[in-house]
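See below for the structure under consideration.
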Number of protein chains: 2
Amino acid sequence: MEPTATVLDLNQLRRSCSSCALHELCLPAGIGADDLNRLDATVKDKRMLDRGAMLYREGDKFDALYVVRSGSLKSFVQNEAGDMQILAFHLPGEIIGFDALASNQHVSQAEALERSSICELPYAHLQRVTSEVPALHRQLMRVISREVVEEHRHLMVMGRQQAQEQMATFLKSLANRYQRLQRDGAALNLSMSRYDIANYLGLVVETVSRLFSRMEEMGVLEVNRKSVRILRPDLLAGLCRADTMSKQKDAS
Amino acid sequence: MEPTATVLDLNQLRRSCSSCALHELCLPAGIGADDLNRLDATVKDKRMLDRGAMLYREGDKFDALYVVRSGSLKSFVQNEAGDMQILAFHLPGEIIGFDALASNQHVSQAEALERSSICELPYAHLQRVTSEVPALHRQLMRVISREVVEEHRHLMVMGRQQAQEQMATFLKSLANRYQRLQRDGAALNLSMSRYDIANYLGLVVETVSRLFSRMEEMGVLEVNRKSVRILRPDLLAGLCRADTMSKQKDAS
DNA sequence: GCGATCTATTGACGGAGGTCAACTGGCACC
DNA sequence: GGTGCCAGTTGACCTCCGTCAATAGATCGC
């Protein structure tokens, strides 16, 4: 619990950031070896979550940020009536829990979509380290900012695009994130259900299902339940803004 | 530029927070007289914006938060194709500019909907004051948190509600915010165009127009161009979730 | 192994809301 | 006051997508 750099034991190192397969992706990206060690020290524990298990709920006290190490999660909100709106899906290397930064308690919920491994970064400790390591602080800010931009993009997609464009945009975004993971960006293995995708996009499950079928007919995808292969990335990209004039574009 | 409390001159006080008609609403809410003075000192200048004038643009360097003193603004993002998505409308007493907190540059734009007066809170200075006045810091965090919750609500409205429910929700939200301003919550004076409302809700302008007419027929509203009177708040509230089963509610 | 249940797909149908067009009323500018 | 222009309204039409229903395939528990 010393504010100064902590000596690491081997055990710590084994599950630590510098040895993590994702270490180019999450917080430590672009951080030097020395500073990486100090970040390592803040990683409290690796947590396993089974499919359906909650990482945090609305109202939970905020005490840590979390990095997805393997698996995936969805975060969502619920209104009084109990219906849910999915805000985002989270893949390995991505950090979640920012929603609680301001109020010190979570205003959304996070649930594992499959068996997932999570790194816990106790915030008090993280804060101490980031105050000592400016590069880390900047990196954290960059990640939060990306989160904000992503939420704006989600609003834009929901508000201005048609169902097929939304699906294309969603798949392209997933493909991009898969690629950053050095996985094959063309071979998606969807961990979320059709219901989840529909909810995320503001559609119903039948529409999502039909769109998968239609895009398969068009030769863009090859769909086999959870496994989706992008055969024609070029066509997919085109579908993100297929009919250039859908809805009113500008409110000038 | 001293980190310690600054002596205020009369000139400063005249346009300052403690004398501001909105001082119960924005940042200083619940802050003691002494601390209020210190916040006063951070308010740099009152800015006037004409209708259509930009407060900040995407990419602008972040150096201040802003409080709407009078008038109103919209904030929005634009994609590569140039179409816009309105994120929020901002009424007097509300603080904007948070979008730049993380990355140190704005990732959205803010434009005045009418002639508006703006308080500028240079962030460097504000930061110094909030670090000295915990109550102020907490209040700032609370405001940011409300912003996040509001964005979640927006997503929920767009994703899960029908056009009429969306409109009802939008109007009720406006009415609530008017009431906090000690204005008559039933007599709305919309500063945004029908296009803006449509864009905000992900609809087209004709739909918005028709919904105003329909709600007038139903006896809920009295609409006269920009001026909207809520005749039956009870009915309006009911419309926010009229058909309890629209769209699929849960993705469990 | 077998039913129960959940997830996904597909078809038929209808309606909410988008598109197109015409019209009106304000408002600014000569 | 006339004219042009833009914001807003209204109607006619049509389509996208939500609803309902049936079915098949997975998955799970026993």
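Each chain gets a letter, A, B and so on, in the order the sequences are listed, and its residues count up from 1. For clarity, every value in this text was computed on a predicted model and none was experimentally measured.
- Side-chain contact annotation: A:Asp99 with A:Ser108, donor-acceptor N/O pair under 3.5 Å present.
- With contacts defined as side-chain heavy-atom distances shorter than 4.5 Å, the pair B:Gln78/B:Phe76 qualifies.
- Rounded to an integer number of Å, the gap from CD of A:Glu217 to P of C:dT9 is 13 Å.
- For the pair A:Glu114 CD and D:dT27 C1', the computed distance is 17 Å after rounding to whole Å.
- Under the 30°/60° scheme for interplanar angles, the aromatic rings of A:Phe62 and A:His106 are found to stand perpendicular.
- Annotation: of the two residues near DNA chain D, A:Arg225 and A:Leu211, the 5′-most nearest-nucleotide partner is A:Leu211.
- Between A:Ser213 and C:dT10 there is a side-chain polar atom (N or O) within less than 4.0 angstrom of OP1 or OP2.
- Going from atom CD of A:Gln164 over to atom C1' of D:dT15 covers 14 Å, rounded to whole Å.
- Between A:Tyr200 and A:His154, the two ring planes are parallel [angle under 30°; tilted spans 30° to 60°].
- We find that CG of A:Asn199 is positioned 13 Å from P of C:dA8, with the value rounded to whole Å.
- Nucleic acid contact for A:Arg210: base, since at least one base atom lies under 4.0 Å from a heavy atom of the residue.
- Between the P atom of C:dT9 and the CG atom of A:Leu190 lies a distance of 10 Å, rounded to the nearest Å.
- Taking only side-chain nitrogens and oxygens, A:Ser193 never comes nearer than 4.0 Å to OP1 or OP2 of C:dT7.
- Taking 4.0 angstrom as the limit, B:Lys226 places none of its side-chain polar atoms (N or O) nearer than this to OP1 or OP2 of D:dA7.
- Put simply, CG on B:Asn224 is 10 Å from P on D:dT9, counting in whole angstrom units.
- A sub-4.0 Å separation between OP1 or OP2 of D:dA7 and a side-chain N or O of B:Ser209 is absent.
- One donor-acceptor pair, N or O on each side, does fall under 3.5 Å between the base of D:dC20 and the side chain of A:Glu206.
- Inspection of the A:Ser75 and A:Gln109 side chains reveals no N or O donor paired with an N or O acceptor under 3.5 Å.
- Regarding B:Arg51, its CZ atom lies at a distance of 12 Å from the P atom of C:dC27, rounded to whole Å.
- As a whole-Å value, the separation of A:Ile197 CD1 from C:dT9 C1' is 14 Å.
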